[in-house]
Enquirer: 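My questions will all concern the structure given below.
Below, each value reflects all heavy atoms present in this structure, side chains not excepted, and no hydrogens, waters or symmetry copies. If you're wondering where the values come from, they're calculated on a predicted model, not measured in any experiment.
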Amino acid sequence: MRSGWLLRDGDVVCALEMTDSATERGALRGRTGCEGALHVEGVRTVHTVGMKFPIDVAFLSVDLTVVRVARLKPWRVATGGRAARSAVEAEAGSLERWGVQVGDQLEVRQVPNGPASDGP
């Protein structure tokens, strides 16, 4: 899992975890809450089977425009529609608090994992 930031108009919205594999897509499952958000690539549907808390989901298009926002209680399913290509998942109420809404253009920025190496 990678770490980074979710941005809108160049401003940081929240800290972000980014999935690297299908097994990481359920990263919020088993937790009792979430600080920041989780970006899951390659999904059009999100479920909360096994979740212990409700979540907000922002479904994103290929260019990271918010195409749908949903709030899911545990054991529910939501789809983002045909345009959805990824999703940002956060604790319920977070997207509203951050002002994220349909039509917003977001940016995902990865935090470097360490100092750059000049190599030999």
Enquirer: For the SG atom of Cys14 and the CZ atom of Arg8, what is their distance to the nearest 0.5 Å?
Expert: 10.0 Å
Enquirer: Could you tell me which residues satisfy side-chain hydrogen bond (donor to acceptor under 3.5 Å, both in side chains) with Glu107, sequence neighbours excluded, listed by chain and number?
Expert: Arg109
Enquirer: Is there a donor-acceptor contact under 3.5 Å from the side chain of Thr48 to the main chain of Lys73?
Expert: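 Pair found, side chain donor or acceptor close to backbone of Lys73.
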Enquirer: Are Leu16 and Trp5 close enough that some pair of their side-chain heavy atoms sits under 4.5 Å apart?
Expert: no
Enquirer: For a quick check under 3.5 Å, do His39 and Ser86 share a side-chain donor-acceptor pair by atom type?
Expert: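 A donor-acceptor contact under 3.5 Å links the two side chains.
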Enquirer: So how far is it from Thr19 OG1 to Glu89 CD, rounded to the nearest 0.5 Å?
Expert: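 These two atoms lie 9.0 Å from each other.
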Enquirer: When rounded to the nearest 0.5 angstrom, what is the spacing between CG in Leu6 and CG in Asp11?
Expert: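 So the CG of Leu6 and the CG of Asp11 are separated by 11.5 Å.
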Enquirer: So, for Leu60 and Leu106, which heavy atoms are closest and what is the spacing to 0.1 Å?
Expert: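 Smallest heavy-atom distance, with atoms named: CD2-CD1, 3.8 Å.
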Enquirer: Atom CD of Gln110 and atom OG of Ser3: how far apart are they, to the nearest 0.5 Å?
Expert: 8.5 Å
Enquirer: For Arg85, check side chain to side chain contact (heavy atoms under 4.5 Å, CB included) against everything at least two apart and list the hits.
Expert: Arg44, Val62
Enquirer: Does the pair Val49 and Trp75 meet the rule for a side chain to side chain contact (heavy atoms under 4.5 Å, CB included), with working shown?
Expert: CA-CA 4 Å; Val49 173; Trp75 298 90; 3.1 Å; yes
Enquirer: What closest approach, in Å, do Val67 and Ala83 show between heavy atoms, and which atom pair accounts for it?
Expert: CG1-CB, 4.1 Å
Enquirer: In the single-linkage hydrophobic clustering (I, L, V, M, F, W, Y; side-chain heavy atoms under 4.5 Å), do Val102 and Val100 co-cluster?
Expert: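 Per the 4.5 Å side-chain linkage, Val102 and Val100 are co-clustered.
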Enquirer: Regarding Arg2 and Glu41, does a basic nitrogen lie under 4.0 Å from an acidic carboxylate oxygen?
Expert: yes
Enquirer: Return the minimal non-hydrogen interatomic distance between Trp98 and Val13, and the atom names on each side.
Expert: CB-CG1, 3.6 Å
Enquirer: How close do Ala87 and Val46 get, counting heavy atoms only, and between which atoms?
Expert: CB-CG2, 3.9 Å
Enquirer: Taking the side chain as every heavy atom from C-beta outward, state whether Leu72 and Val57 have any pair of such atoms under 4.5 Å apart.
Expert: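 With C-beta onward as the side chain, the pair touches.
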Enquirer: Go through the steps to decide whether Phe59 and Val66 satisfy the test side chain to side chain contact (heavy atoms under 4.5 Å, CB included), and finish with yes or no.
Expert: CA-CA 6 Å; Phe59 290 97; Val66 179; over 6 Å; no
Enquirer: Not counting sequence neighbours, list each pair that qualifies as a side chain to side chain donor-acceptor pair (under 3.5 Å) and has a residue in residues 62-71.
Expert: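 Found Asp56-Arg71, Ser61-Asp63, Asp63-Thr65, Thr65-Gln105.
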Enquirer: Hey, quick one: are Val77 and Val40 part of the same hydrophobic cluster, counting side-chain heavy atoms closer than 4.5 Å, chains of contacts allowed?
Expert: no
Enquirer: Return the minimal non-hydrogen interatomic distance between Val88 and Ala37, and the atom names on each side.
Expert: CG1-CB, 3.7 Å
